[in-house]
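This report refers to the structure that appears directly beneath it.
Heavy atoms only: backbone and side chains are in, while hydrogens, waters and symmetry mates are out. Just so it is clear, the model here is predicted, and its values are computed rather than measured.
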Amino acid sequence: MARKCYPKVSEEYEKAVQKCKRKLRGRIQEKHCAPIVLRLAWHSAGTYDVETKTGGPFGTIRHPDELAHGANNGLDIAVRLLEPVREQFQILSCADFDQLAGVVAVEITGGPEIPFHPGRQDKHEPPVEGRLPDATKGSDHLRDVFGHMGLTDKDIVALSGAHTLGRCHKERSGFEGAWTTNPLIFDNSYFKELLSGEKEGLIQLPSDKALLEDPVFRPLVEKYAADEDAFFEDYAEAHLKLSELGFADADE
């Protein structure tokens, strides 16, 4: 991982982060909205481009222009669901708030604990559209998109495992259905389902199947299906990297 030099935040800010985390736990559990909250955090961070150092987890996803991007269909729902908590913590940047919510969404559904470092500054210029993965495409596309973020093959497969949460909605993505039988539990069942083949009632997207067809991706799918601890360890590392793209880089 890139060396980081995290900014120092005030004691008041740090206390607000901890209190906000507690409030987010309650809100996300109450509304059963962990999957869409995780998607909000991801789609915010996943616009980062390592070459131009633009995009990334800096609060711009709340801008109407970015929310209107095709890949972000339905994410206005996540913004709206989180707003009662957001209003209580105006001291926090939107950038920190959205990434903290993503960390909480994984934690409260049984996933790994992901470290959180505050101090992201909000930016106000949304990135260009087209930087997020397209579910209809294969492994070359995945490597291209995640490569622009500076992420690795291992990161791609580990992050794909978060499809254990949530479902596709036809009106948002053109696809319909959940990847697993319990889409509110974070575990390694995405990989198990992927290896066991298509089943009625569950979905496998072209970008999911690409993980099985690629000679580098498939052994990681098999590893994570057999060993949930290994998946959780690699997922936590990949999620942390994603949530800090362009943030606190020591070599800047």
Side-chain angles (χ1 to χ4, degrees), residues 1-7 38-73 75 78-79 93-103 106 114-163 173 205-208 210-211 213-217 220 234-252:
M1 284 177 68
R3 282 196 318 119
K4 296 286 182 178
C5 182
Y6 297 109
L38 181 57
R39 185 169 159 242
L40 178 75
W42 270 39
H43 282 217
S44 170
T47 58
Y48 185 68
D49 182 87
V50 75
E51 294 296 325
T52 62
K53 305 202 183 309
T54 57
F58 300 105
T60 57
I61 198 156
R62 291 166 173 270
H63 193 289
D65 288 353
E66 190 169 343
L67 271 180
H69 290 179
N72 294 334
N73 282 345
L75 287 182
V79 172
S93 66
C94 289
D96 275 349
F97 179 84
D98 291 342
Q99 294 309 313
L100 182 63
V103 164
V106 172
I114 297 151
F116 178 79
H117 305 104
R120 296 165 188 77
Q121 299 291 315
D122 286 335
K123 295 182 179 176
H124 305 288
E125 191 66 38
V128 295
E129 189 166 4
R131 293 184 177 180
L132 294 168
D134 181 337
T136 66
K137 296 187 177 175
S139 54
D140 287 348
H141 168 74
L142 289 174
R143 283 196 174 92
D144 181 54
V145 167
F146 284 93
H148 278 292
M149 299 178 209
L151 298 178
T152 67
D153 284 357
K154 186 175 78 167
D155 296 330
I156 291 170
V157 181
L159 289 169
S160 296
H163 281 155
S173 64
L205 304 175
S207 55
D208 299 316
L211 301 182
E213 295 156 4
D214 185 276
V216 178
F217 291 157
L220 288 163
D234 288 353
Y235 177 84
E237 181 182 318
H239 184 131
L240 177 62
K241 283 166 72 171
L242 179 67
S243 72
E244 294 185 347
L245 291 175
F247 168 60
D249 292 333
D251 54 358
E252 288 298 293

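The minimum heavy-atom distance linking Asp96 with Phe116 is given by the pair O-CZ, 3.5 Å. Contact record, Tyr6 with Ala248: CD2-CB, 3.7 Å, taken as the closest heavy-atom pair. Minimum heavy-atom separation, Pro7 to Pro118: CG-O, 4.0 Å. Closest non-hydrogen pair, Ala238 versus Ala158, comes out as CB-CB, 4.4 Å.
Between Asp249 and Lys53 no salt bridge is recorded (no basic side-chain N to carboxylate O distance below 4.0 Å). The pair Asp155-Lys241 meets the salt-bridge criterion, since a charged nitrogen lies less than 4.0 angstrom from a carboxylate oxygen.
When side chains are defined from C-beta on, Met149 counts as touching Leu242, because their heavy atoms get closer than 4.5 Å. Contact check for Ile114 versus Val106: side-chain heavy atoms found under the 4.5 Å cut-off. By the 4.5 Å heavy-atom criterion applied to side chains, His69 and Thr47 are not counted as neighbours. Lys154 has its side chain out of reach of Val216: every pair of non-hydrogen atoms, C-beta onward, lies at least 4.5 Å apart. Residues His148 and Tyr48 are not in side-chain contact: their nearest non-hydrogen atoms beyond the backbone lie 4.5 Å or more apart. Counting only heavy atoms from C-beta outward, the side chains of Leu38 and His239 approach each other to under 4.5 Å. Side-chain contact between Arg131 and Asp49 is present, with heavy atoms from C-beta onward closer than 4.5 Å. The side-chain heavy atoms of His163 and Asp208, taken from C-beta on, include a pair separated by under 4.5 Å.
With sequence neighbours excluded, no residue forms a ring pair (Phe, Tyr, Trp, His ring centres under 6.0 Å) with His43.
Summarising the geometry, atom CG belonging to Leu211 is positioned 10.5 Å from atom CG belonging to Leu205; distances are rounded to the nearest 0.5 Å. A distance of 7.0 Å separates NE2 of His141 from OG1 of Thr136, quoted to the nearest 0.5 Å. To the nearest 0.5 Å, atom CG of residue Leu142 and atom CG of residue Leu151 are 11.5 Å apart. Asp214 contributes atom CG, which lies 4.5 Å from atom OG of Ser139 (distance to the nearest 0.5 angstrom).
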Ser243/Gln99 under side chain to side chain donor-acceptor pair (under 3.5 Å): CA gap, chis, key distance, verdict = CA-CA 6 Å; Ser243 72; Gln99 294 309 313; 4.7 Å; no

Run the side chain to side chain donor-acceptor pair (under 3.5 Å) check on Thr152 and Arg143 step by step: do they pass?
-> CA-CA 8 Å; Thr152 67; Arg143 283 196 174 92; over 6 Å; no

Could you go step by step and tell me if Arg62 and Asp122 meet the salt bridge (Lys or Arg N to Asp or Glu O under 4.0 Å) rule?
-> CA-CA 10 Å; Arg62 291 166 173 270; Asp122 286 335; over 6 Å; no

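By the 6.0 Å and 45° rule, Arg120 does not stack over the aromatic ring of Phe58.
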